[in-house]
Amino acid sequence: MGTVSIGQLILESDQLLPEVELAYERVGKSSAPAVLVCHALTGDQYAVGTADQPGWWAGLIGPGKAVDTEQFQVITFNVLGGCNGSTGPLSINPETGKPYRGTFPELTIRDMVKAERKALELLGVDHLTAVIGGSLGGMKTLEWARLYQEFLDTAITLAVTPYYGDYGVAFNHIGIQAIENDPEFQAGDYPAGIRLKGFEIARMAGMVTYRSSRLFNGRFGRARGDEAFEVQSYLDYQGRKLAGRFDPNSYLTLLKAMNTHDVGDAELSAELLSISYSHDLLYPGELMIPWVENQPNAKWKAIETDFGHDGFLVEFEKWGHHVQDQLHKSVNAKSHVLA
């Protein structure tokens, strides 16, 4: 775990972002084949974590698991524009000596991938066996396969589509408007420690899209607490929880970047495995599967789950073996070529 400074980065907007740093987690032997893992919207670099504080994909990555850290080294960056150690709105703008906050430039998914490509070079990684990611991380994985097809052997995407559909953009719009129209937001220059109710509401709107109606109905069953339905209390709690650990300006930066994602016209030569999840409102299989079927070297799997979009974070026993098989296939193919 650490940070790597990549220097300046010219963004797709032609703006210059100076003194860029990316925070990362690196697990496994540095001589082992490298797997890059890309996190989702409010994730971080701690995909594996520790025994005391397991990471968000600790059920998938580790010794003897689908992504076996006895066979691979696994690297995860906190995304550019994030708020867990990488350069983002909370970082100091070297030109002003103050945090960027609301003046942080808008990013694209491609900007994030270009930053990570530079970072990997500085970490001594000159090739990737695979890039794996879900949701926003899946967008990045597709961009990796589009931009740097010779740098990786296989791309494994989960819960993503070749472009962000109108339904997803619509919910992002609700979140963006809720934050930016909160009187306390002050164009991103809100006082430290202030409670932004708009940010909490944005998170509530997002939470409704992450899981299926069947799961919500089954979990809450119209149960009531002292003052509200339990589902209402749950959403209130989730809004407050995220607001306590995540920066609203980073949230806006990443939502807007997601809206721009579109690789619909791309043809990828790298191997691609796409995993979709039933009841995924944001990234439905019907948007992804036809695109995958038109790619020259790609295949897809559809996973039945009540978790909807959040399926890529749970129930590893349903789909982890597909990831494992794809990694083994990639390694075996490379070994055969080298032999």
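Atom set for the values below is all heavy atoms of this structure, side chains included, hydrogens, waters and symmetry mates excluded. On a predicted model such as this, the values are computed, not experimentally measured, just so you know.
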Inset, instruction - Identify the two heavy atoms, one from Leu22 and one from Ser86, that lie closest to each other, and give their separation to 0.1 Å. - result: CA-OG, 3.3 Å
Legend entry - Lys/Arg N to Asp/Glu carboxylate O, Arg195 vs Glu200, below 4.0 Å: yes
Legend entry - Carboxylate-amine/guanidinium proximity below 4.0 Å for Arg222 and Glu230: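 No salt bridge links Arg222 with Glu230.
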Legend entry - Ser13: side chain to side chain donor-acceptor pair (under 3.5 Å) partners, not counting sequence neighbours: none
Inset, instruction - Please name all residues satisfying side chain to side chain donor-acceptor pair (under 3.5 Å) with Glu121, sequence neighbours left out, ordered by chain then number. - result: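 Residues passing side chain to side chain donor-acceptor pair (under 3.5 Å) with Glu121: Arg117.
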Would you tabulate the side-chain donor-acceptor contacts of residues 186-194 under 3.5 Å, counting partners in other chains and residues two or more places apart, or write 'none'?
residue, atom, partner, partner atom, Å
Asp189, OD1, Arg101, NE, 3.1
Tyr190, OH, Asp247, OD1, 2.3

Legend entry - Lys NZ or Arg CZ of Arg211 over Phe307 ring: under 6.0 Å, within 45°: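 Not satisfied by the 6.0 Å and 45° rule.
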Legend entry - Tyr283 ring center near His309 ring center (under 6.0 Å): yes
Legend entry - For Ile10, all residues meeting side chain to side chain contact (heavy atoms under 4.5 Å, CB included), sequence neighbours excluded: Leu16
Inset, instruction - Under the side chain to side chain contact (heavy atoms under 4.5 Å, CB included) rule, collect the residues that match up with Tyr234, sequence neighbours excluded. - result: Met207, Phe216, Arg219, Phe220, Gln238
Inset, instruction - Sorted by first residue and then second, give each ring-ring contact (aromatic ring centres under 6.0 Å, His included) pair with at least one member in residues 129-149; sequence neighbours left out. - result: Trp144-Tyr148, Trp144-Phe151
Do [X] and [Y] have side-chain heavy atoms sitting under 4.5 Å apart?
X      : Y      : answer
Lys114 : Leu147 : yes
Thr141 : Ile132 : no
Ile275 : Trp300 : no
Leu254 : Val79  : yes

Inset, instruction - Evaluate the criterion side chain to side chain contact (heavy atoms under 4.5 Å, CB included) for residue pair Ile176 and Lys256; output intermediate values, then yes/no. - result: CA-CA 8 Å; Ile176 291 167; Lys256 292 175 181 179; 3.8 Å; yes
Legend entry - Whether over 12 other heavy atoms sit under 6.0 Å from Lys299 NZ: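 Yes - once you tally the heavy atoms of other residues, nucleotides and ligands closer than 6.0 Å, there are more than 12.
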Inset, instruction - Would you indicate whether Tyr237, at its atom OH, is surrounded by more than 12 heavy atoms from other residues, nucleotides or ligands within a distance under 6.0 Å? - result: no
Inset, instruction - Measure from the side-chain N and O atoms of Thr76 to the backbone N and O of Tyr46, and report whether any donor-acceptor pair falls under 3.5 Å. - result: no
